[in-house]
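Worksheet: the structure to be examined is printed underneath.
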Amino acid sequence: MKKTMKMIMLIAVMLIVALTLTGCGNTNENDNLEGLAVYTMDEDMTGYTKCTDIEGIEFYYPSNYTVKKQSGHTAYMDPEILGANVNVASDNFPTNYSFENYVDASIAGIKAQMQISGDINKEYINLNGRKAVKLEYVATQSGYTMKCTQVLVVKDKKAYALTVVSLEKDAEALQPKLDKMIKAFK
């Protein structure tokens, strides 16, 4: 079990590295939000803890999650779903790409680092009044098949990525927590 958790954390860190090394750029943070699915934070966040460790962004994670620091990254581990974890990464947002170019470059980075099963589903969303994108895909690494969901958003010239990883077989059980965490990412 420890080996499984370590492997999934390593894979999550690889995903974060793929995103933070991606060139990105010039965008209006509130690009056209018309027609995008709206995600807003639930008023009742009982049972969730606000993370304020990452300058410029906040999110909430279930209060019973274990906080693990490894290789300069912090993972928030689900004690009920073996290997399920949440990570947030940030990087400066250079001026040479649009938000859409950044998303496309991020997808290329993911594909270069992971064995992806099927397509990477891309959905642009209105996340608490900001244009964001939600990426969902299944990745296989070291014999493990994982469901990955990432939300990318730009705020104050920084790119932020919320990444949730679980074994594919546990993705449905994690979905209610995932939905609440995404809505609270701002």
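Residue indices begin at 1 and follow the sequence shown.
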Is [X] reaching over with its side chain to a backbone N or O of [Y], donor-acceptor style, under 3.5 angstrom?
X: Asn101; Y: Ser98; value: yes
X: Asn85; Y: Gly83; value: yes
X: Ser63; Y: Gly47; value: yes

[X] versus [Y]: any side-chain heavy-atom pair under 4.5 Å?
X: Leu127; Y: Lys134; result: no
X: Ile54; Y: Phe59; result: yes
X: Val133; Y: Phe99; result: yes
X: Val154; Y: Arg130; result: no
X: Lys183; Y: Tyr60; result: no
X: Lys177; Y: Val86; result: no
X: Ile57; Y: Ser90; result: no

Could you state the interatomic distance from [atom1] ([X]) to [atom2] ([Y]), rounded to the nearest 0.5 Å?
X: Thr74; Y: Lys68; atom1: OG1; atom2: NZ; value: 12.5 Å
X: Met181; Y: Thr149; atom1: CE; atom2: OG1; value: 9.5 Å
X: Lys50; Y: Glu58; atom1: NZ; atom2: CD; value: 4.0 Å
X: Leu33; Y: Asn126; atom1: CG; atom2: CG; value: 4.5 Å
X: Lys169; Y: Tyr144; atom1: NZ; atom2: OH; value: 11.0 Å
X: Thr140; Y: Gln115; atom1: OG1; atom2: CD; value: 5.0 Å

[Y] reachable from [X] in the ILVMFWY side-chain graph, under 4.5 Å edges:
X: Val38; Y: Met45; result: no
X: Ile125; Y: Val164; result: yes
X: Leu135; Y: Val138; result: no

Grab the two heavy atoms, one from [X] and one from [Y], that are nearest each other, plus how far apart they are.
X: Met41; Y: Asn128; value: N-OD1, 3.0 Å
X: Tyr160; Y: Gly56; value: OH-CA, 3.5 Å
X: Asn64; Y: Pro79; value: O-CG, 3.3 Å
X: Ile81; Y: Asp78; value: N-OD1, 3.1 Å
X: Phe185; Y: Ala161; value: CZ-C, 4.3 Å
X: Tyr48; Y: Pro62; value: CD2-N, 3.4 Å

Trace of the side chain to side chain contact (heavy atoms under 4.5 Å, CB included) decision for Lys158 with Asn92: CA-CA 5 Å; Lys158 287 192 82 90; Asn92 290 328; 3.4 Å; yes
I'd like to know whether Lys147 forms a side chain to side chain contact (heavy atoms under 4.5 Å, CB included) with Leu174, so could you lay out the CA-CA distance, the side-chain angles of the two residues, the decisive distance to 0.1 Å, and finally the verdict. CA-CA 10 Å; Lys147 170 74 187 267; Leu174 187 62; over 6 Å; no
Relative to the ring of Tyr76, is the ring of Tyr61 parallel (under 30°), tilted (30 to 60°) or perpendicular (over 60°)? tilted
Could you go through the side chain to side chain contact (heavy atoms under 4.5 Å, CB included) check for Val151 and Tyr39 one step at a time? CA-CA 11 Å; Val151 176; Tyr39 285 66; over 6 Å; no
Check this for me, if you would: do Lys131 and Glu100 make a salt bridge, where the nitrogen-to-carboxylate-oxygen distance has to be below 4.0 angstrom? yes
Verify side chain to side chain contact (heavy atoms under 4.5 Å, CB included) between Lys186 and Lys155, making sure each step is shown before the conclusion. CA-CA 9 Å; Lys186 61 180 188 167; Lys155 182 178 176 187; 5.7 Å; no
